[in-house]
Amino acid sequence: MKKSVVLYKTLSAPLMARLQEAAAVTLIESLDAGGLAQLRDALPTAHGLLGASLRLDAKLLDLAPQLEAVASVSVGVDNYDINYLTERGILLSNTPDVLTETTADTGFALILATARRVVELANMVRAGNWNQNIGPLHFGSDVHGKTLGIIGMGRIGEALAQRGHFGFNMPVIYHSHSPKPLVEQRFGAQYCSLPDLLKQADFVCLTLPLTAQTQGLIGAKEFALMGPETIFINISRGKVVDEAALIDALQQRTIRAAGLDVFEREPLNHDSPLLGLSNVVATPHIGSATHETREAMARCAVDNLLAALAGERPKNLVNTAAWKP
Ligand SMILES: NC(=O)c1ccc[n+]([C@@H]2O[C@H](COP(=O)([O-])OP(=O)(O)OC[C@H]3O[C@@H](n4cnc5c(N)ncnc54)[C@H](O)[C@@H]3O)[C@@H](O)[C@H]2O)c1
Ligand SMILES: O=C(O)[C@H](O)CO
């Protein structure tokens with residue numbers, strides 16, 4: 001008999017066909033109240049789950065006594081109770097690598113958009129406010145040649161460093177768990193303590209995962225170390241930042257601008273003070289959202305899930321301690 005898989009993410013027709021060949025599939029089309037009720041109904045017989053953007057905690061997992069594998073369509077795994085999954089022997093997989101370049105592109109889009117005030121000035125033109133007096137009040141700041149600071153020198157951090165170093169002639173400084181000699185060699189990057197990076201970088205970019213150690217890592221004390229020309233970019237997770245402290249720094253103009261793809265609470269509330277600030281560019285968590293990359297992520301997740309359900313070790317196993325060959 002085929003194993004049961006619950007999808008809470010729509011797949012392309014070819015991927016759906018592949019999954020349906022191997023498993024009995026239930027698709028939950030949206031995670032609204034009705035969808036969540038459907039999900040709860042489907043969990044008791046599920047062997048596999050595939051999706052993203054759902055907090056899978058012990059309470060929900062307890063509804064799924066037969067669960068063998070969860071394939072997340074994301075690289076970040078902060079939505080999962082990993083200890084509990086491991087305790088239950090449920091294999092959790094993610095989708096690293098395939099989204100690295102696209103997410104770094106998003107980081108760079110935010111760097112350019114904030115420094116050159118692309119959204120603000122495009123909106124001005126659209127509103128019919130382009131008069132002849134374009135002058136210093138509308139000027140931005142250069143990107144090329146400025147110091148790029150990267151916090152979390154992993155896959156995405158490295159791809160950002162590559163763009164800054166080769167594309168924009170930027171000196172790169174970084175803070176991470178430990179120095180990365182190869183990155184230093186390839187991009188001339190220099191390892192710094194966190195306070196030194198915050199003081200020296202023109203662009204402070206977060207590319208860390210959200211963990212117990214990184215939650216609230218950047219707060220009032222850290223914003224105070226940045227200068228009035230600093231531009232803050234977050235493509236990691238909103239909760240790495242104390243959002244109230246960020247809003248304060250932007251309102252007081254103790255930093256110049258922020259490019260944000262992720263927020264403490266998502267979707268971002270329409271009345272968030274961030275949206276009233278002209279020096280903020282906010283995007284709706286679309287770091288990896290291109291047609292090509294989202295398809296590659298979904299393919300990767302399907303591969304991981306099918307491997308796990310066939311008793312093989314998934315390529316991108318996160319909780320390796322749960323693997324019992
Ligand atoms: N905005 C988006 O749509 C989007 C897309 C993809 C990934 N992300 C986020 O980006 C994160 C990074 O992805 P990645 O593939 O580069 O991961 P990665 O594991 O390759 O890199 C993370 C880096 O952060 C470092 N790090 C972790 N904790 C640290 C700490 N406390 N202090 C210093 N350094 C620390 C690690 O050593 C590692 O080098 C993901 O976990 C996810 O949250 C967001
Ligand atoms: O972690 C990731 O892959 C992205 O943030 C999408 O959730």
Side-chain angles (χ1 to χ4, degrees), residues 8-9 31 50-56 70-80 82 92-111 149-163 172-184 187 189 191-198 204-219 222 233-241 258-264 266-268 281-290 293-301 304 316-318 320:
Y8 46 98
K9 181 160 195 67
L31 287 174
L50 185 147
S53 317
L54 172 69
R55 172 107 201 106
L56 258 193
V70 176
S72 186
V73 192
S74 69
V75 67
V77 286
D78 45 281
N79 258 336
Y80 303 91
I82 298 181
L92 173 66
S93 55
N94 67 347
T95 61
D97 303 316
V98 291
L99 48 55
T100 296
E101 300 295 330
T102 299
T103 309
D105 287 348
T106 301
F108 236 90
L110 289 174
I111 287 174
I150 297 175
I151 305 178
M153 188 54 94
R155 290 169 290 243
I156 296 169
E158 240 184 85
L160 205 59
Q162 182 187 33
R163 282 156 179 72
V172 177
I173 58 178
Y174 72 103
H175 177 74
S176 214
H177 271 138
S178 56
K180 306 256 169 122
L182 257 181
V183 170
E184 299 187 4
F187 312 125
Y191 185 83
C192 279
S193 69
L194 183 60
D196 282 350
L197 183 146
L198 299 172
V204 171
C205 304
L206 293 192
T207 51
L208 296 151
L210 173 63
T211 63
Q213 291 75 41
T214 63
Q215 180 153 3
L217 183 76
I218 307 295
E222 287 69 31
I233 304 291
N234 191 1
I235 52 168
S236 88
R237 284 291 184 266
K239 289 194 169 92
V240 176
V241 179
L260 308 169
D261 186 46
V262 287
F263 304 88
E264 226 167 60
E266 296 178 6
L268 182 64
V281 175
T283 49
H285 200 146
I286 44 77
S288 62
T290 64
T293 294
R294 283 292 167 88
E295 181 64 7
M297 289 165 68
R299 194 179 313 117
C300 177
N304 282 324
N316 308 111
L317 182 61
V318 173
T320 50

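Counting convention: from 1, in listed order, for ligands and their atoms alike.
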task = Report the C-alpha separation of F187 and I150 in whole Å, then their side-chain angles, then the decisive distance to 0.1 Å, and conclude whether the side chain to side chain contact (heavy atoms under 4.5 Å, CB included) test is met.
result = CA-CA 12 Å; F187 312 125; I150 297 175; over 6 Å; no

task = Assess whether side chain to side chain contact (heavy atoms under 4.5 Å, CB included) is satisfied between I218 and I151, documenting all intermediate values.
result = CA-CA 10 Å; I218 307 295; I151 305 178; 4.2 Å; yes

Verdict with reasoning, L210 to Q215, per side chain to side chain contact (heavy atoms under 4.5 Å, CB included) = CA-CA 6 Å; L210 173 63; Q215 180 153 3; 4.0 Å; yes

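Residue-to-ligand polar distances keep L210 apart from ligand 1: every N/O pair is separated by 3.5 Å or more. Of the polar atoms of M297, none of the N or O atoms is found under 3.5 Å from an N or O of ligand 2, judged by distance alone. No N or O atom of Q213 sits closer than 3.5 Å to an N or O atom of ligand 1. Checked by distance only, ligand 2 and S74 stay at 3.5 Å or farther apart across all their nitrogen or oxygen atoms. Among the atoms of V75, some N or O lies under 3.5 angstrom from an N or O of ligand 2. Note: no N/O pair closer than 3.5 Å links L99 and ligand 1 by distance alone.
Looking only at heavy atoms of the protein, atom 8 (N) of ligand 1 is closest to I235 O, 3.7 Å. Here the heavy atom of the protein found nearest to atom 34 (N) of ligand 1 is H177 N, 3.2 Å. Looking at atom 13 (O) of ligand 1, its nearest protein heavy atom turns out to be I156 CD1, 3.4 Å. Among protein heavy atoms, atom 40 (C) of ligand 1 sits closest to V75 CG1, 3.8 Å. The shortest contact between atom 18 (P) of ligand 1 and any protein heavy atom is with R155 NH2, 3.6 Å. Nearest protein heavy-atom neighbour of atom 31 (N) of ligand 1: T214 CG2, 3.5 Å. Among all protein heavy atoms, the one lying closest to atom 21 (O) of ligand 1 is G154 CA, 3.1 Å. With hydrogens left out, the protein atom closest to atom 4 (C) of ligand 2 is H285 NE2, 3.7 Å, a heavy atom. Atom 42 (C) of ligand 1 has R237 NH1, 3.6 Å as its closest protein atom, hydrogens excluded (heavy atom only).
When side chains are defined from C-beta on, S288 counts as touching R294, because their heavy atoms get closer than 4.5 Å. Side-chain contact between L217 and L206 is absent, with no heavy-atom pair separated by less than 4.5 Å. In this structure, Y174 and E184 have side chains that are in contact, with non-hydrogen atoms separated by less than 4.5 Å.
In summary, E101 and R163 engage in a salt bridge, as defined by a charged side-chain N under 4.0 Å from a carboxylate O.
Between H175 and Y191, the two ring planes are tilted [angle within 30° to 60°].
Residue T103 places a heavy atom under 4.0 Å from ligand 1. Taking a 4.0 Å cut-off on heavy atoms, T100 fails to register as neighbouring ligand 1. Contact analysis puts K180 in contact with ligand 1, with a non-hydrogen atom separation below 4.0 angstrom.
When each atom of ligand 1 is checked for a heavy atom of S288 under 4.0 Å away, the hits are 3 (O). Near P209, meaning under 4.0 Å from any of its heavy atoms, are these atoms of ligand 1: 22 (C), 24 (O), 27 (C), 41 (O). Every atom of ligand 2 is numbered from 1 in the order shown, and the set under 4.0 Å from a heavy atom of G76 is 1 (O), 2 (C), 3 (O). Near L99, with a cut-off below 4.0 Å to any heavy atom, the atoms of ligand 2 are 3 (O). Every atom of ligand 1 with a heavy atom of T207 under 4.0 Å away is listed here by number and element: 12 (C), 22 (C).
Side chain to side chain, D261 and T283 meet the donor-acceptor criterion of an N or O pair below 3.5 Å.
Which of G238, S236, G76 comes nearest to atom 9 (C) of ligand 1 through a heavy atom is settled by distance: it is S236. Heavy-atom proximity to atom 35 (C) of ligand 1, evaluated over V77, L208, D261, is greatest for L208.
Screening N234, I235, I111 for a side chain to side chain contact (heavy atoms under 4.5 Å, CB included) with C205, the sole residue that qualifies is I111. Of the residues L50, L92, L54, the one that meets the side chain to side chain contact (heavy atoms under 4.5 Å, CB included) test with V70 is L92. In summary, of the residues considered (T95, D105, T102, T103), a side-chain hydrogen bond (donor to acceptor under 3.5 Å, both in side chains) with T293 occurs for T102 alone.
Between the side chain of K9 and the backbone N or O of V73, no donor-acceptor pair lies under 3.5 Å.
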